[in-house]
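Every value quoted in this text rests on a predicted model; they were computed, and no experiment measured them.
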Amino acid sequence: MKYYHEAEAAELYSYKPSLGSDRLPDNTGQIKKPAAAPARWLGLVGEYGPDDAILYILEKDGRLCTLFRGKGSEPLIETSQDSFRFGEESSRENQSVVFKRDSNDRATRVTIRGEHFYRRQIEPESGAAQLRVKPVRPVPELIKEALSCRPPDEGIYNRRSDLVEPTKLDRTIKLDIHYATTNNLFGAAFYSESRTFLQRPAAQALVRINQKLKEFGYGLLVHDAYRPWYVTKVFWDATPQDKKIFVADPSQGSRHNRGAAVDLTLYDLKSGKPVEMVGTCDETTDRSRPDYPGGTSLQRWHRDLLRGSMEADGFNVFELEWWHFDYYDWRTYPIGNQRFDEIE
């Protein structure tokens, strides 16, 4: 196998910031952090209606708003508990908007001028932390099978792997390794240790990003980074056909297999708790898109702060997942299949 010299690799895959990298954190200092949405509205925020006519209920600039068919948000005026109306600036001026809640305080229906729109069950059920996908086959069976397989042969043009633990470079980077627990998409443990690894340049960039985020009162909380190839194969084989868009094809290997991708979020330095984003990590819905319009102003601000901070230092967000970032030179690294306990 031919390996690039460091200078060759740097020239071939020179860092070019993505189009979104000029938004944050450079501009964050000028963008006032939004206030949290009123607690009474949180159970109303969500998606309603059929696939071809989705009605979004979101909070924007301190007002509850509708967004229908993606044609621009319209603010609502609160008239009483769970009752609103459109304002005079709307083409629906004075039409009523009434919500019906369930026993968990989550709206199940919104009625606009007598027309009912029912909540779309895209988020975890009330009280659940994670959406789940039922594996096509039992995970332990798939793990045993995948361990007997070999990663694809890439041939040439790979850089030598140098995996390090970001937490050893900066102990204020926190870990919540979902795949070392059953709190993940498949409800099964894949790693024997709650550790994470990245190629050294990516890990060093993560340290710089984490330090910069402290200016805003946040730190990085990592869910996953380097992922052995056999785990990617298990994901692929366990996932139903209609959900495979969210998992990598093992015949190609993934950015995670190369140690140059990271799944992460923000945590609040004062409380130590993860911040609330528009959607949950590993969620197989449209809420996972980095440009998803729903949620609250504060949730979207947090999402943009994370994205802008990562993109300012060599990472690019994956177009379907707000939490997944690839380091710019990921293509130069070989597909890895080492288990965590085999990495020094």
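Residues forming a side-chain contact (heavy atoms from CB on, under 4.5 Å) with Glu319 (at least two apart in sequence, or on another chain): none. Shown here are the side-chain contact (heavy atoms from CB on, under 4.5 Å) partners of Asp263, two or more places apart in sequence or in another chain: His223, Asp224, Arg227, His256, Trp323, His324. Ser103 pairs by the side-chain contact (heavy atoms from CB on, under 4.5 Å) definition with nothing, not counting sequence neighbours. Asp268 pairs by the salt bridge (charged side-chain N to carboxylate O under 4.0 Å, His left out) definition with nothing, not counting sequence neighbours. Residues passing the salt bridge (charged side-chain N to carboxylate O under 4.0 Å, His left out) test with Arg40, sequence neighbours excluded: Glu78. Under the rule for a salt bridge (charged side-chain N to carboxylate O under 4.0 Å, His left out), Arg113 has no partner lying at least two apart in sequence or in another chain. Applying the side-chain contact (heavy atoms from CB on, under 4.5 Å) rule to Arg120 yields the partners Glu47, Asp51, Ile54, Ile122; only residues at least two apart in sequence or on another chain are considered. Taking Lys100 as the reference, nothing meets the salt bridge (charged side-chain N to carboxylate O under 4.0 Å, His left out) condition, with sequence neighbours excluded.
Ion pairing between Asp313 and Lys212 fails under the 4.0 Å rule for side-chain N and carboxylate O. The existence of a salt bridge linking Arg106 and Asp102 is excluded, since no basic side-chain nitrogen approaches an acidic carboxylate oxygen closer than 4.0 Å. In this structure, Asp304 does not pair ionically with Arg300, as no charged nitrogen and carboxylate oxygen lie closer than 4.0 Å. The existence of a salt bridge linking Arg289 and Asp291 is confirmed by a sub-4.0 Å separation between a basic side-chain nitrogen and an acidic carboxylate oxygen.
Side-chain atoms of Arg287 and Tyr292 include no donor-acceptor pair closer than 3.5 Å.
Residues Thr172 and Asn210 have side chains in contact (heavy-atom distance under 4.5 Å, counting atoms from C-beta outward). Inter-residue side-chain proximity for Tyr191 and Pro228 is flagged as met; some heavy-atom pair is nearer than 4.5 Å. Residues Leu44 and Arg101 form a side-chain contact, since some pair of their non-hydrogen atoms from C-beta on lies under 4.5 Å apart. Between Leu305 and Leu266, the closest side-chain pair of non-hydrogen atoms falls below 4.5 Å. Contact of the Thr265 side chain with the Cys281 side chain is not registered, since no non-hydrogen atoms from C-beta on lie closer than 4.5 Å. Taking 4.5 Å as the limit, every side-chain heavy atom of Thr196 sits out of range of all side-chain heavy atoms of Leu198. You'll find the side chain of Cys149 reaches within 4.5 Å of the side chain of Lys233, heavy atoms only.
Aromatic rings of Phe190 and Phe235 (six-membered ring for Trp) have centroids within the 6.0 Å cut-off, being under it. Aromatic ring centres of His302 and Tyr218: separated by under 6.0 Å.
In the hydrophobic clustering, where aliphatic and aromatic side chains (Ile, Leu, Val, Met, Phe, Trp, Tyr) are joined below 4.5 Å either directly or transitively, Tyr118 stands alone.
For Glu321, the CD atom is densely surrounded, since the number of other residues' heavy atoms within 6.0 Å is greater than 12.
Between the side chain of Thr182 and the backbone N or O of Ala189, no donor-acceptor pair lies under 3.5 Å. Between the Thr296 side chain and the Gln299 main chain, a donor and an acceptor come within less than 3.5 Å of each other.
Judged as a salt bridge (charged side-chain N to carboxylate O under 4.0 Å, His left out), the pairs with a partner in residues 244-257 (not counting sequence neighbours) are, in order, Arg255-Asp326.
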Distance-only criterion, 3.5 Å: show the donor-acceptor pairs between side-chain atoms of residues 56-68 and protein atoms not counting sequence neighbours.
residue: Glu59; atom: OE1; partner: Ser297; partner atom: N; Å: 2.8
residue: Glu59; atom: OE1; partner: Ser297; partner atom: OG; Å: 3.4
residue: Glu59; atom: OE2; partner: Gly62; partner atom: N; Å: 2.8

Pair up each side-chain donor or acceptor in residues 87-97 with any protein partner under 3.5 Å, not counting sequence neighbours, and list the distances.
residue: Ser90; atom: OG; partner: Glu74; partner atom: OE2; Å: 2.8
residue: Ser90; atom: OG; partner: Arg92; partner atom: N; Å: 2.9
residue: Asn94; atom: OD1; partner: Arg85; partner atom: NH1; Å: 3.1

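Interatomic distance, Ile335 CD1 to Trp229 CH2, rounded to the nearest 0.5 Å: 8.5 Å.
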